[in-house]
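Letters A, B, ... are given to chains in the order of the sequence lines, protein chains preceding strands, and every chain is numbered from 1.
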Amino acid sequence: MDITKILDPLNDVQRKAVTAPSQAMLVLAGAGSGKTRVLVHRIAWQIQVENLSPHSILAVTFTNKAAKEMRCRIEALLEIPAHSTSAPSGMWIGTFHGIAHRLLRRHANQAKLPETFQVMDTSDQLRVIKRLLDTLGLDETAWPPRQVQWHINAQKDEGIRARHTVETADGYQRQMLAIYQAYEKLCDQTGLVDFAELLLRAHELLRDNPDVLSFYQQRFRQVHVDEFQDTNTIQYAWLRLLTRDNGNLFVVGDDDQSIYGWRGAKIENIYNFQRHYPNHQVIKLEQNYRSTGNILKAANHIISVNEGRMGKELWTDSGEGELLSLYAAFNEQDEAYFVVERIRAWINKQGSHNDIAILYRSNAQSRQFEEKLMIAGIPYRVYGGLRFFDRVEIKNALAYLRLISNHDDDSSFERIINTPTRGIGAKTIDDIRYIARDQTISLWKAAIVLVNQRNLSARASNALTGFLQLVKQLTEQAQDLELYEKVQLIVEKTKLIEFYQHAKMDKGEEKVENLEELVNAAKLFEFDIENEENLGELDMFLAHAALESGDMQGDDFEDCVQLMTLHSAKGLEFKLVFLVGMEEGLFPSQQSVDDAGRLEEERRLCYVGVTRAMQCVYFSYAESRRLYGRETYPRPSRFLREIPAECMQEVRIRSHINRPVTTIAPKKIPLQTTGQYKQGQKVSHEKFGKGIILQIEGEGAQERVQINFTTPVDGGKTSGVKWLMLAYAKLDAL
DNA sequence: GATTTAGACATTTTT
DNA sequence: TGTCTAAATC
């Protein structure tokens, strides 16, 4: 047995946490202090040294990425051969939602769910709510669907069912309650489960079924939780139930990095933990292995302004490093130019685009930077876009698959009844809805009833019959096929490809590619044997699509500058970090400045941002910024003043950045189009291939465009950046 | 049934 | 100001 492999890479405090006897443990792990390492080594320790069966291990995370990483690192440490997916090791490592889902599949009966229940994602849920409001005859402007959705989810996150709510005189509350009730009923009828419901249901399953509870209490001798500060009420309640008999709950978190309070996360869970588990031990990891001394000094000062912390101060034994820099930009354009210029300098000196991140408070801020990076020809990647499984074309294809799996899935039925368009109009759909509501049957059954009634117009009847037959036929044909063949069948036979190919809508080509990619994804989808219990491969795949929607585009190893929000930067690290838009009203955001609690969360966000950096931090703010079409003159962020002056240097403007004299309007560089082409537009040229328009200059016959050609041509190389006269170049818009 | 136009709206996000 | 969605129109 090789204990050294587990213990040697650890410092004293980490080792103490890893080797502590079984009990409740709270590890307060500062940024970059080896939090995941402790978790991974702790589990390895328990298995290898304490001879605990992997079967007895439960580890919970928030994201699939984190779960995957943890599993890989544990298996590497234990030298379990790679590629032996989850099954052989027997450990349950997953997200709260993933594990709740697994429990509900295994005990669908006791959870009072149909065995074929389907998981819906956020957009599915919104559709269901919209439809519900419609049936209830409520006006969408008075009852905005998003707000209703938010309300319902917030209730569920707190563990509150509609029936628990106390009657109030407040009309608004009462209506919301009625909607919540109706929503619960609808979900029960159609066998649909939203994300919050997964957690709530899993909690109720354990709470109300002592046999199930004691089974899992005995199975999971050790329960581990990552990012504990992000748990919400119901997640923590669930953890408490599971660990009630032995108290072996090992949680790792950082109160200073709690940035999800707005979606129900409760820092209080950390304080409550200490009350609920009186025999717990607290260990603080404060040695940071990521950042320079100056960066940590700045971060510590910022976070120290907050009240009511658990108290922690990061230190490092590596040197001071460079000073942090601050740039006061004239406006947001200037800010972007500055950042690009610095990126260039970094690349020229030492290298990789991957080292660099531009972090901002809100997604809208990415635009300026994308534009300037594009012009500069610097490769970049924006995080937080549409996920693969969230795309319309994919959702449509999945809806067909779901309908095949369960004809009574109303939400899928409605989604695709007229996609691709097959002549079934709003009128016919209304009729189907009416019958369904009237006889309390599914839309599918109602559609059959409607056809049989024979009082439809010939055209509508034909169209509807055609649709019903298509689905029936697909169901039969799919019967004995492999998963990917089923997907292929759907994609081909439903004419979705033709639909998107034909439509000249933007990104049609991309949509077709995505559908093809979906078939591929099905091929790659590895069937998790441990989960098999009640479920077919297709249903597994559908659940996977809902629960792991982001996983496909996850790791691109292209060498790119990374653009993302501060929130999505949590857990990552970069050598060079730009924290842009450091302005009052932007960061901290306007909505949080009046509320002490929310302001502290913004400050923690700033702390998270600074601690992402390993070597270098640049702050920037704009003295004037166009916001929602209005010119604003924000003040620098208060967080900048919370950084000690001795770790900061102010960067002065370079000569080439024009600072217009105040009375003269800023000179506009002629970037406007005179007609058909726009900056950023994709075009193709018969000789140079496809590319993107970087700049447009001149007028009339003199008009010329600069294009960055990105597709390889005959020689196998890309044509690169070229200036072309519009009058001569044969360009096609894409 | 597709295209156009008007209007709302605009932190942060994973599952 | 720009984007996205929903309704209006041909």
Tell me yes or no: between the side chains of [X] and [Y], is some donor less than 3.5 Å from an acceptor?
X	Y	result
A/T233	A/E158	yes
A/E335	A/Q368	no
A/R626	A/N331	no

Decide whether a cation-pi geometry holds between A/R263 and A/Y260; the criteria are a distance under 6.0 Å from NZ or CZ to the six-membered ring centre and an angle within 45° of the ring axis.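 Relative to the ring axis of A/Y260, which defines the angle, A/R263 lies inside both limits.
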Does A/S568 put a side-chain nitrogen or oxygen below 4.0 Å from OP1 or OP2 of B/dT13?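 Yes.
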Give a yes/no on whether any side-chain N or O of A/T565 is located under 4.0 angstrom from OP1 or OP2 of B/dT11.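 So the side-chain polar atoms of A/T565 never come under 4.0 Å of the phosphate oxygens OP1 or OP2 of B/dT11.
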Which residue lies more 5' along DNA chain B, comparing A/D390 with A/H567 via nearest heavy atoms: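 First, find each residue's nearest nucleotide; the 5'-ward one identifies A/H567.
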Name the residue closer to the 5' end of DNA chain B, choosing between A/L605 and A/T421 according to the nucleotide with the nearest heavy atom.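 Counting from the 5' end, the first nearest nucleotide belongs to A/T421.
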Which is it for A/D539 and A/R402 under the salt bridge (Lys or Arg N to Asp or Glu O under 4.0 Å) test, yes or no, and what are the steps along the way? CA-CA 8 Å; A/D539 291 304; A/R402 287 163 90 155; over 6 Å; no
Pair [X] + [Y]: basic N to acidic O under 4.0 Å:
X	Y	result
A/R433	A/D430	yes
A/E601	A/R604	yes
A/D230	A/K570	yes
A/R161	A/E184	yes

Could you state the [atom1]-[atom2] distance from [X] to [N], rounded to the nearest angstrom?
X	N	atom1	atom2	value
A/N363	B/dT11	CG	P	10 Å
A/D230	B/dT12	CG	C1'	12 Å
A/F62	B/dT13	CZ	P	16 Å
A/W238	B/dT15	CH2	P	16 Å
A/Q147	B/dA8	CD	P	16 Å
A/D226	B/dT15	CG	C1'	15 Å
A/H97	B/dT14	NE2	P	12 Å
A/Y383	B/dT13	OH	C1'	15 Å

Side chain of [X] only, heavy atoms from C-beta on: which candidate in [options] is closest?
X	options	answer
A/T63	B/dT15, B/dG1, B/dT11	B/dT15
A/T95	B/dT13, C/dT3, B/dT15	B/dT15
A/W262	B/dT13, B/dT15, C/dG2	B/dT13
A/Y628	B/dT12, B/dT15, B/dT11	B/dT11

Classify [X] by what it touches in the nucleic acid, base, sugar-phosphate, or nothing, heavy-atom distance under 4.0 Å.
X	result
A/R630	nothing
A/E602	base
A/G425	nothing

May I ask you to verify whether the side chain of A/R626 and the base of C/dT1 hold a donor-acceptor pair under 3.5 Å?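 Such a pair does not exist between side chain and base.
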Between the base of B/dT15 and the side chain of A/T122, is there any donor-acceptor pair under 3.5 Å?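 A donor-acceptor contact between them is present.
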Taking DNA chain B as the partner, which of residues 581-597 of chain A come within under 4.0 angstrom of it by heavy atom?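 Of all residues in residues 581-597 of chain A, the ones placing a heavy atom under 4.0 Å from DNA chain B are A/S589, A/Q591.
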Roughly how many Å apart are [M] and [N], using the [atom1] atom of each and rounding to a whole number?
N	M	atom1	answer
C/dT5	B/dT12	C1'	22 Å
C/dT3	B/dT14	C1'	24 Å
C/dG2	B/dT13	C1'	23 Å
C/dA6	B/dT11	C1'	24 Å

Would C/dT5 be called syn or anti here, given the cut-off of 90° from 0?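 The base of C/dT5 is oriented anti (glycosidic angle more than 90° from 0).
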A/V617 to A/A613 - nearest heavy-atom pair and separation: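 Scanning both residues, the minimum pair turns out to be CG2-CB, 3.3 Å.
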What is the minimum heavy-atom distance between A/A399 and A/S412, and which atoms define it?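 Distance-wise, the nearest heavy atoms are O-CB, 3.5 Å.
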Counter-base of B/dT11, judged by Watson-Crick or G-U geometry with both distances under 3.5 Å: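 Partner of B/dT11: none found under 3.5 Å.
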Provide a list of protein-nucleic acid N or O atom pairs under 3.5 angstrom, restricted to nucleotides 6-10 of chain C.
{"residue": "C/dA6", "atom": "OP1", "partner": "A/K130", "partner atom": "NZ", "Å": "3.1"}

